[in-house]
Amino acid sequence: MFRLGIAATASMLLAGLTPTGAAAGVPLPSVPRLSWQACADGFQCASAAVPLDYRDVRGRSVQLAVIRRPATDPAHRIGSLFFNPGGPGIPGTEALPAVYGMFPEQVRERFDIVSFDPRGIGQSTAPQCFPDDATEQRFFAQLPAGYPVGADQQASWADTYARFGRQCAASDGTGLLAHLSTADVARDMDLLRQAVGDKQLSYLGTSYGSYLGALLQQLWTAPSTRGPLLTGGLAGQRPEQTLGVLCSDTANPNPLAGADYPALAELAQARSGDVGPYWVWQTERCADWPADARQDRYAGPWNRPTSAPILVVANTGDPAWPYEGSRTMADTLARARLLTVDGYGHTVLGNPSTCAAGSEERYLVSGQLPPRGTVCEPDRRPFAA
């Protein structure tokens, strides 16, 4: 499992955070203009142009695919609720229609629910290392499923991903790979917040989206930076889309720099069984990634005071992100409250709890946090009759 400065959590909710101004003399990027068009089943879609490099806001731009479902009670609309489904690598334009019915009823009534494909993902401007899917599939065809076992497979794995990095570098004509960090996605979201006309940001992020939310609220409280509820994986379609973000946000040394991935895999096997080496070799894919996004990473601090409290929601039995990580996140952030669900599965949104949904609803609609130490039950237990 890779580390991103703070432990990820099942879900994070941010209600009504107010951004700070940019530093004096720093040019501001233009706010995108969104031309909403009906796309499917009551949803509307648009495209937004944002800077490729926030240090050069007048330079090249990238396009973001955006989707929203308008509030069903527009007379009592509060604003927009931004949603990130996790990953990195999951397109919001596909995820939001799939999970829209899981949002609490009052949230659907009072908010336009907005999501987007982060830069580098889905229908947004994204890297494409091969001319077509078939060529890419042939390139990876000899890799073992899961992770490599034994010296021969391990050497083949490392060599394949080193060649993949070189292939991606050769096809990156715009410099996109160096600007796919989560910090860039957070800045994009702030521009989208302005584009929909909201003075404050409300946000729901699940899985990796909880890290995005934590980073977003820290950027918004940083005096020199202009740019969110949270819930507690790695996912994605094309490998360059997942690695573009993952390798930008993490430091994964090359074996030439002393990294011994086979030895790390043995240690992980001893500590965690067969699941351990999987995460080590997923991380090794970044050892020869060609882009350096260190200038865009955010590495803390994580405890800056925020304009609104944060609600962290976590299952005790989440197989992808341990509950202890969620508790650590709630303790680390300056104004956070942990809502525990004594249940199983990755994210509470995907493993519903009427009790938790009620707390999330009250938090987003009226700003009311659940009492400290609240523990909810899931609606269903695994393998229940």
Side-chain angles (χ1 to χ4, degrees), residues 14 16-39 43-68 70 79-84 91-93 96 111-127 172-203 205 209 212-213 215-228 241 244-245 248 291 293 295-298 307:
L14 304 170
L17 284 186
T18 304
T20 58
V26 177
L28 297 177
S30 299
V31 177
R33 294 185 178 183
L34 302 177
S35 179
W36 296 105
Q37 305 291 329
C39 43
F43 289 88
Q44 300 172 339
C45 295
S47 181
V50 297
L52 169 68
D53 183 353
Y54 277 90
R55 291 171 174 78
D56 181 17
V57 297
R58 302 293 183 257
R60 286 178 169 173
S61 63
V62 294
Q63 295 293 321
L64 304 180
V66 190
I67 189 171
R68 74 176 178 184
S80 298
L81 173 66
F82 281 83
F83 169 63
N84 181 279
T93 59
L96 180 57
F111 289 93
D112 298 342
I113 302 180
V114 182
S115 192
F116 64 104
D117 296 355
R119 56 171 60 207
I121 306 300
Q123 299 177 54
S124 294
T125 301
D172 182 28
T174 64
L176 176 64
L177 293 181
H179 301 286
L180 296 179
S181 73
T182 301
D184 283 319
V185 177
R187 297 180 182 106
D188 292 343
M189 195 182 300
D190 185 43
L191 283 183
L192 292 178
R193 187 268 310 168
Q194 297 174 66
V196 300
D198 283 11
K199 294 182 179 180
Q200 297 178 316
L201 177 73
S202 296
Y203 172 78
L212 171 60
L215 189 151
L216 180 63
Q217 58 91 18
Q218 294 300 318
L219 287 180
W220 272 26
T221 57
S224 62
T225 307
R226 181 179 182 86
Q241 296 191 5
V245 180
S248 294
Q295 63 177 355
D296 292 328
R297 293 178 191 158
Y298 181 81
S307 60

Test side-chain contact (heavy atoms from CB on, under 4.5 Å) on Thr125 and Thr174; report intermediate values, then the result.
CA-CA 11 Å; Thr125 301; Thr174 64; 5.9 Å; no
Given side-chain contact (heavy atoms from CB on, under 4.5 Å), test Leu192 with Leu64 step by step and report yes or no.
CA-CA 10 Å; Leu192 292 178; Leu64 304 180; 4.2 Å; yes
Within the structure provided, determine whether Val57 and Leu28 are in side-chain contact (heavy-atom separation under 4.5 Å).
no
So do the side chains of Pro70 and Gln44 get within less than 4.5 Å of each other, counting heavy atoms only?
yes
To the nearest 0.5 Å, how far apart are CG in Leu180 and CD1 in Ile121?
7.5 Å
Can Leu212 and Met189 be said to form a side-chain contact (heavy atoms from CB on, under 4.5 Å), step by step?
CA-CA 10 Å; Leu212 171 60; Met189 195 182 300; 3.6 Å; yes
Return the minimal non-hydrogen interatomic distance between Val66 and Ala48, and the atom names on each side.
CG2-CB, 4.2 Å
For the pair Asp117 (side chain) and Gln123 (backbone), establish whether a donor and an acceptor sit closer than 3.5 Å, ignoring hydrogens and angles.
yes
Straight-line distance of Ile113 CD1 to Ile67 CD1, nearest 0.5 Å
11.0 Å
Exam field: side chain Tyr54 to backbone Ala183, donor-acceptor pair closer than 3.5 Å:
no
Distance, nearest 0.5 Å, that separates CG of Leu176 from CZ of Arg60:
10.5 Å
Atom CZ of residue position Arg58 - does it have more than 12 heavy atoms of other residues, nucleotides or ligands inside 6.0 Å?
yes
With distance as the sole criterion, is a donor-acceptor pair present between the side chains of Gln37 and Ser35 under 3.5 Å?
yes
Taking all atoms of both residues into account, what is the closest heavy-atom pair of Pro91 and Gly122, and its distance?
CG-CA, 4.1 Å
What's the shortest heavy-atom distance between Pro127 and Leu177, and which atoms?
CB-CD2, 3.7 Å
Looking only at non-hydrogen atoms, find the nearest pair between Gln241 and Gly120 and report the distance.
CG-O, 3.2 Å
Using the ring-ring contact (aromatic ring centres under 6.0 Å, His included) criterion, which residues pair with Phe83? Sequence neighbours excluded.
Phe103
Kindly give the heavy-atom pair with the smallest separation between Ala291 and Ala178, and that separation in Å.
CB-N, 3.9 Å
Value rounded to 0.5 Å, distance of CH2 in Trp36 from SG in Cys45:
7.5 Å
Sidechain-backbone polar pair: Ser115 side chain, Thr93 backbone, donor-acceptor under 3.5 Å
no
Search all heavy atoms of Tyr203 against all heavy atoms of Gly209 and return the closest pair with its distance.
OH-O, 2.6 Å
Is a side-chain donor or acceptor of Asp198 paired with a backbone partner of Ser80 at a separation under 3.5 angstrom?
yes
Val245 and Thr182: CA distance, side-chain angles, deciding distance, side-chain contact (heavy atoms from CB on, under 4.5 Å) verdict:
CA-CA 7 Å; Val245 180; Thr182 301; 3.8 Å; yes
How long is the straight-line distance from CG of Leu96 back to CZ of Phe43, given to the nearest 0.5 Å?
4.5 Å
SB check Asp190 Arg193 (cutoff 4.0 Å)
yes
Here the gap from Ser181 atom OG to Arg187 atom CZ, rounded to the nearest 0.5 Å, amounts to 6.0 Å
Would you say Val50 and Pro32 make side-chain contact, with heavy atoms under 4.5 Å?
yes
